[in-house]
Every structure is written in structure tokens, then in C-alpha cells.
Amino acid sequence: MRLNEGRIGRQESVSMLGLALFVSAVFTVNSKDAYGSGNSTYVWLPASVALAFLIFWTAAYAMDKCSIQHTGELFSHAFGKVLGSIFTYILVASLLFSAYLPLSCFAEMIHNFIFIDSSYIAVTMWMIPVVALLSFWGLECIGRVSKCFAAFLAILLLASFAAPAASFESYRLYPLMGDGINSTISHAVKTVFKLLPALMAVLGMINGVQGAVNARKYGIIAAAIALFMCAVTQLTLSLTYTYCDLADMYAPMYRLNMSLLFESYFFRVDKISLFLWLISGLITAAFYIYAAAILICRQGKGRDTRPVTLSATTIVFSIILLESSGWYTLINGAAAWLEEYGYLIIAPPILFASGIVLLRERTRAKEGSNEKAA
């Protein structure tokens, strides 16, 4: 049986989860939507990380108190087998969407800026074996590779953000809070859909991260790091470019790194950055695919995650390839709809399920104490 392939510790878990949160938050931002009416990403993106963490913490606390082993079991305990299975597979679909989103963004970025004369399909095809092998080899492989690259990525990001500090201007932050407080809150809530699957993925593999208590601890550390890095990233962009510039700019992170070629001693940092970003995206996608595979296996009583990871990888990359084969409008429209309303599909069931199992556990404990008193 391959469902319990090994265990990873704190450093691997935090690196894996932190990478997934940062990549899903920063590299999938839609410039037109985020910056079109003013820039408050340095507020709502960290706020969204915090909101996703609170939902995750509630679920992790409920699972710990009720001795629940994975998220599929949480839904089944709360809603029954049939309805619980439906919500579990909705979570699986959100994990696969979370794998698709950064891969699609990075493939487009590489095609537009690096391999301009190559076809989109050729650029995408070489990503497939990396993601397939990482997810195929399982949790320990993903965790250890994450540990190798997470620190390098953080150091490079902080260094590249410090380099253009001389050109920072506070007036570029205006209008403060972008299009207003309501718009800021709306963005923060909607972006939960991109971030919550990463945190819930850890709860689908509780045994692999040494239990629900440790999963909560690792989630706190990873969310804190991701929150800080998201705030620094977006604040750097906001101080470097006006919201009008950002709204018309594809991949502002890459543009920022390109400017370092002329404004600092960080020569060719754009290539190094893009390499580390891409590796982080591939690790993130593999993490989501493995998390989806292990949930499918546990829900369907499967005994081996490897065939499921290969099937899930095929599905994700098939969608990416269809984008360049005449299906762009349909797939992009579906992705835009999910980014707009997806939080309504994933967050309420998790909160309701957590509340129901906690209430039942409290009632059971109260009845037990009454029987003892009698």
C-alpha cells in the first residue's frame, strides 16, 4: 500500500506549504483585475492569506478534537457518506485547478519572454515529466525538494526587492486602499479560493506531517512566512510602479527583475529568478496533484497513489494544452468564474463541517459527563 509513503518534518512541511501559498498568491494575480482601479494588493493579499489560515485552523482544530484522519473523513462525519463524497471531490477539483493555474501562468510567461519563437505546446511539454515524477515519488520527495529551493527563493526575492529601493516613491501607493474598502475586502475574500486548497491539502495527509497538531503548527509558520513575503512583494511593486502601469503590465514581477539589469549590479538576475520561480511552480503543482491523488485514493479505497498522480497530471496538462488549441476562451472563462465565485464552493462546506463535528463532539462529551454524574 502506497498511501503512507513516509513522513516529513517541520522544515520540509513549512517549505512545501510556504512555496504553495506564495506561488498561488503572487504569480496568479490578474493585473487588470487587481490593479485596474487602484492598487491595494499589499493589503488584501496578506489579508487573504490570513483568512485562508483561519478556515484551515478551524478545520485542523476540529479534526484534532474528533480524531479525524483526513478531510474526506471530516466531510463524511459531518454530512454523511454521499454528501461528504461530493464535497471531497469538489476539494479534489479545486486542488487540480490550483495546480493548473500557476503552471499555465509560468508557461505563458516563458513563452512570451524567453522562448518567443517556440510554440506554446513545446514550452509546456518539458514541464510534464518534472511534475509527473515529483508527484509520482510522493510526499517525501516533494517535501525535500521544497526544502532545497525555498530558502534560495526567499533570499533572491528579498535581494531583488532591496535593489530598486532608491527608486521607490510613496505617491505611487495612491489612491490608498485602491478602489475603496469594499473592493479590498472583496478581493481578499475571493482570493481565499486560490490559497485555501494549499492549506487543506496538508490536512489530507495528516499522517505524513506527524498529526493534526503538527499540521496546525506548520500551517501557522508557513502562513506567517507567506503573509510576510506577499506583503513585501506587493509593496515593492506598488512603490516601483503606479497602479496604471501595473494594470497594463503582464508579469510585473518579471518586469521588475528586468529593470535590475540597468539599475543595479544584479546582472542576469531575471534568468536566475525565472528559474527559481519556475521550479517553485512545478513543486507547487506536484504538491497539489499528490494531495488530490491521496484524497481520491482514501475516498475510493485505492491502494496506490502513483497511477492516480499520473492520471491527474495528464488531466492538468491536457487543460493547459487545450488553451492553445482553440479552447482558450472557454477555459479562461471557466477559470475566471472560479476565481470570482470559487470561495463560495470551498470555504462554507469546510466551516460547516468543522462546526458540525465540534458540536457533535461537545454534545457527546456532555452526555458522557451526565451519565457519569448519574
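Just so you know, these numbers come straight off a predicted model, no measurement behind them.
Applying the ring pair (Phe, Tyr, Trp, His ring centres under 6.0 Å) rule to pairs touching residues 170-191 yields Trp44-His187, sequence neighbours excluded.
Looking only at distances, no side-chain donor or acceptor of Arg7 sits under 3.5 Å from a matching main-chain atom of Gln210. A donor-acceptor pair under 3.5 Å links the side-chain atoms of Thr363 to the main chain of Leu359, judged by distance alone. Without hydrogens or angle criteria, Arg216 side chain to Asp64 main chain gives no donor-acceptor distance under 3.5 Å. Judged by distance alone, with hydrogens and angles left aside, the side-chain atoms of Ser15 form no donor-acceptor pair with the main-chain N or O of Glu12 at under 3.5 Å. In terms of modelled atom types and a separation under 3.5 Å, the side chain of Arg360 and the main chain of His77 share a donor-acceptor contact. Side-chain N or O atoms of Ser183 include none that pairs as donor or acceptor with a backbone N or O of Gly180 at under 3.5 Å. When atom types are taken as modelled, the side chain of Ser48 and the backbone of Ala188 share a donor-acceptor pair closer than 3.5 angstrom.
Between Ile8 and Arg144, the closest side-chain pair of non-hydrogen atoms is not below 4.5 Å. For the pair Asp304/Cys297, no side-chain contact is recorded, criterion being any heavy-atom separation below 4.5 Å from C-beta on. At least one side-chain heavy atom of Leu173 sits under 4.5 Å from a side-chain heavy atom of Leu235. When side chains are defined from C-beta on, Lys65 counts as touching Leu358, because their heavy atoms get closer than 4.5 Å.
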Where do Cys141 and Phe136 land on the side chain to side chain contact (heavy atoms under 4.5 Å, CB included) test, with the steps shown first?
CA-CA 9 Å; Cys141 177; Phe136 183 87; over 6 Å; no

Run the numbers on Ile206 and Ile68 for side chain to side chain contact (heavy atoms under 4.5 Å, CB included), then give the verdict.
CA-CA 9 Å; Ile206 280 180; Ile68 293 172; over 6 Å; no

For Tyr35 and Asp245, run side chain to side chain contact (heavy atoms under 4.5 Å, CB included): C-alpha distance rounded to whole Å, both residues' side-chain angles, the deciding distance at 0.1 Å, then the answer.
CA-CA 9 Å; Tyr35 309 117; Asp245 294 331; over 6 Å; no

The test is side chain to side chain contact (heavy atoms under 4.5 Å, CB included); show your working for Val26 and Trp277 and say whether it passes.
CA-CA 11 Å; Val26 171; Trp277 297 343; over 6 Å; no

Assess whether side chain to side chain donor-acceptor pair (under 3.5 Å) is satisfied between Tyr42 and Thr233, documenting all intermediate values.
CA-CA 8 Å; Tyr42 53 90; Thr233 301; over 6 Å; no

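Tracing side-chain contacts under 4.5 Å through hydrophobic residues (I, L, V, M, F, W, Y), one never reaches Tyr243 starting from Val43; they form parts of separate clusters. Hydrophobic clustering keeps Val213 apart from Trp57 (ILVMFWY residues linked when any side-chain heavy atoms are closer than 4.5 Å, directly or through intermediates). Residues Leu153 and Ile155 do not share a hydrophobic cluster, clusters being chains of Ile/Leu/Val/Met/Phe/Trp/Tyr side chains in contact below 4.5 Å. Both Ile225 and Phe228 belong to a common hydrophobic cluster when Ile, Leu, Val, Met, Phe, Trp and Tyr are linked at side-chain heavy-atom distances under 4.5 angstrom.
Listed by chain and residue number, nothing satisfies the ring pair (Phe, Tyr, Trp, His ring centres under 6.0 Å) test with Tyr218 (two or more places apart in sequence, or in another chain). Legend: residues meeting ring pair (Phe, Tyr, Trp, His ring centres under 6.0 Å) with Phe152, ordered by chain and number and at least two apart, are absent.
Using a cut-off of 4.0 Å between Lys/Arg side-chain N and Asp/Glu carboxylate O, Arg172 and Glu169 are scored as not salt-bridged.
Leu295 contributes atom CG, which lies 9.0 Å from atom CE of Met200 (distance to the nearest 0.5 angstrom). Atom CZ of Phe193 is separated from atom OG of Ser24 by 10.5 Å, given to the nearest 0.5 angstrom. Distance check, rounded to the nearest 0.5 Å: NZ of Lys32 to OH of Tyr250 gives 14.0 Å. In this structure, OG on Ser13 lies 10.5 Å from NZ on Lys147, to the nearest 0.5 angstrom. Rounding to the nearest 0.5 Å places CZ of Phe22 at 5.0 Å from CE of Met229. Between the CG atom of Leu239 and the OG atom of Ser170 there is a distance of 7.5 Å, given to the nearest 0.5 Å.
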Report, one line per pair, each donor and acceptor closer than 3.5 Å where one atom sits in a side chain of residues 90-114; sequence neighbours left out.
unit_1 : atom_1 : unit_2 : atom_2 : d
Ser94  : OG     : Leu91  : O      : 2.6
Ser98  : OG     : Ser94  : O      : 2.8
Tyr100 : OH     : Glu323 : OE2    : 3.0
Ser104 : OG     : Glu323 : OE1    : 2.9
His111 : NE2    : Ser118 : O      : 3.0
Asn112 : ND2    : Glu108 : O      : 3.2

Under 3.5 Å, side-chain donor or acceptor atoms of residues 332-354 against the rest of the protein: list the pairs with distances, not counting sequence neighbours.
unit_1 : atom_1 : unit_2 : atom_2 : d
Asn332 : ND2    : Tyr328 : OH     : 3.4
Glu339 : OE1    : Lys194 : NZ     : 3.4
Glu340 : OE2    : Lys190 : NZ     : 2.5
Ser354 : OG     : Ile350 : O      : 2.8

In a table with atom names and distances, give each donor-acceptor pair under 3.5 Å that connects a side chain of residues 119-126 to protein atoms at least two apart or in another chain.
unit_1 : atom_1 : unit_2 : atom_2 : d
Ser119 : OG     : Ala122 : N      : 3.1
Thr124 : OG1    : Tyr120 : O      : 2.9
Trp126 : NE1    : Val123 : O      : 2.8

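Nearest approach of Pro252 to Leu237, heavy atoms of both residues: O-CD2, 3.8 Å. Here the shortest heavy-atom pairing between Gln299 and Ser85 reads NE2-OG, 2.9 Å. The shortest non-hydrogen separation linking Val49 to Ala223 is CG1-O, 3.6 Å. For the pair Thr309 and Ser135, the tightest heavy-atom approach, listed with the atom from each and the gap, is CG2-O, 3.5 Å. The two atoms that bring Ile128 and Thr313 nearest to each other are O-CG2, 4.3 Å, heavy atoms only. Minimum interatomic distance between Pro197 and Val192 (heavy atoms only, all atoms of both residues): CD-O, 4.2 Å.
By the 6.0 Å contact criterion, OH on Tyr61 is open, its count of non-hydrogen atoms from other residues, nucleotides or ligands being 12 or less.
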